[in-house]
Amino acid sequence: MSLHLERERFLPSGLDTKLVADPGNGFWGSIYTALWERFGDPYWWPGRDAWEVAAGEVLTQNTAWTNVEQALVGLRERGWITADAIRLTDQDELAPVIRPAGYFNQKARKLKELAEWWGNRVESGAVESLGDDELRDELLALWGVGPETADAIACYALGRPLFVVDTYTQRMLARLRGLEERPSYDSIQSEVDEELPRDPMLLNHLHGLIVVLSKEHCTARNPQCGDCPLQARCVVGSQV
DNA sequence: ATCCGGGCCC
DNA sequence: GGGCCGGGAT
């Protein structure tokens with residue numbers, strides 16, 4: 001039943017895991033370096049091609065990846081793992097297949113909305129003439145695509161240098177700085193954009209590394225600070 | 001029993 | 001803030 005998607009990684013054309021810009025020695029650069037030295041290549045993001053990556057991002061909204069894998073198995077079994085197939089499949093037919101991913105009625109509609117856009121903009125090649133901000137705005141205009149999903153599709157499926165902020169990133173940063181409230185999506189993204197090079201592979205790695213950190217150390221409950229690679233630079237970790 | 005997910009829309 | 005969803009971990 002397992003797909004072992006975690007070791008299958010699609011990379012947009014032009015990207016190479018070994019060619020990554022220098023992250024520098026600033027706050028985010030040192031975070032990146034510390035995480036890379038501990039965990040290495042996070043193999044981010046799982047998927048076989050650009051559409052599968054994009055679909056996976058919708059399916060994983062507020063959902064554990066293990067549940068998304070089951071939904072992808074169902075889609076593959078039916079040959080519905082392409083944007084074209086999603087366009088040809090009724091929402092009512094699609095929903096039960098992706099049930100394991102949760103929120104299946106909403107996500108069925110979201111996949112169809114995204115598949116329409118995909119045909120008009122990606123398959124047509126028109127997306128290549130869009131700037132990063134224009135692309136992000138188009139994605140945000142789709143029903144079911146918010147900031148995280150828009151940035152994830154832009155970066156992991158389409159190779160744009162947009163940093164993806166998620167719950168893990170907000171929780172990690174709040175703990176690093178000892179903040180009561182989690183920093184906003186936009187504030188974190190702006191900070192990273194100003195400090196790190198606009199390199200899609202670097203931003204790809206950084207988010208993947210934060211996820212690994214958050215699953216192994218910076219968990220919601222009972223964080224494992226003892227051997228956390230960021231403990232020395234973390235307000236919460238330093239108090240443990 | 002409650003919490004928690006790679007959120008987003010209303 | 002509530003609803004969408006439901007399975008696995010405290």
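Sequence lines set the chain letters: A, B, ... in the order given, protein chains first and strands last, and positions in each chain run from 1.
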Distance below 4.0 Å between A:T167 side-chain N/O and B:dG7 OP1 or OP2: yes
Distance test, side-chain N/O of A:N105 to OP1/OP2 of C:dC5, below 4.0 Å: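 The answer is yes; a side-chain N or O of A:N105 sits under 4.0 Å from OP1 or OP2.
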If I take atom [atom1] in residue [X] and atom [atom2] in nucleotide [N], what distance separates them, rounded to the nearest angstrom?
X	N	atom1	atom2	value
A:E69	C:dG7	CD	P	16 Å
A:D166	B:dG7	CG	P	6 Å
A:W65	B:dC4	CH2	P	23 Å
A:N222	C:dG8	CG	P	20 Å
A:N67	C:dG8	CG	P	8 Å
A:R171	B:dG7	CZ	C1'	15 Å
A:L59	C:dC4	CG	C1'	15 Å
A:N62	C:dG2	CG	C1'	13 Å

Pairwise distance OG(A:S238) to CG(A:L230) - rounded to 0.5 angstrom: 10.5 Å
Out of B:dG7, C:dC5, B:dC9, whichever nucleotide has its closest atom nearest the side chain of A:F104: C:dC5
Suppose you measure atom [atom1] in [N] against the same atom in [M]; what distance do you get, rounded to whole Å?
N	M	atom1	result
B:dC10	C:dC5	P	14 Å
C:dC4	B:dA1	P	22 Å
B:dC3	C:dG2	P	13 Å

pair A:L176-A:C234: side-chain heavy atoms closer than 4.5 Å: yes
Which residue lies more 5' along DNA chain B, comparing A:G144 with A:A64 via nearest heavy atoms: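 Looking at the nearest nucleotide for each, A:A64 comes out on the 5' side.
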Joint cluster assignment, A:V68 & A:V58, ILVMFWY side-chain distance < 4.5 Å: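 Yes, A:V68 and A:V58 fall within the same hydrophobic cluster.
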Intra- and interstrand pairs of DNA chain C - dot-bracket, Watson-Crick/G-U under 3.5 Å, | marks other strand: ||||..||||
Salt-bridge contact A:R121-A:E138 (side-chain N to carboxylate O under 4.0 Å):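 Counted as a salt bridge, because a side-chain N and a carboxylate O are separated by less than 4.0 Å.
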SB check A:R87 A:E123 (cutoff 4.0 Å):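 Salt bridge flag = yes for A:E123 with A:R87.
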Using a heavy-atom cut-off of under 4.0 Å over every strand shown, decide if [X] touches base, sugar-phosphate, or nothing.
X	answer
A:T149	sugar-phosphate
A:V58	nothing
A:L142	sugar-phosphate

CG/A:D137: more than 12 non-hydrogen atoms of other groups inside 6.0 Å: yes
Donor-acceptor contact present, side-chain A:E191 to main-chain A:I188, <3.5 Å: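 No: the side chain of A:E191 does not pair with the backbone of A:I188.
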Non-hydrogen atoms of A:E113 and A:L142 that approach each other most closely: O-CD2, 4.3 Å
5' precedence on DNA chain C between A:P100 and A:Q106 (nearest-nucleotide basis):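 On the 5' side of the pair lies A:Q106.
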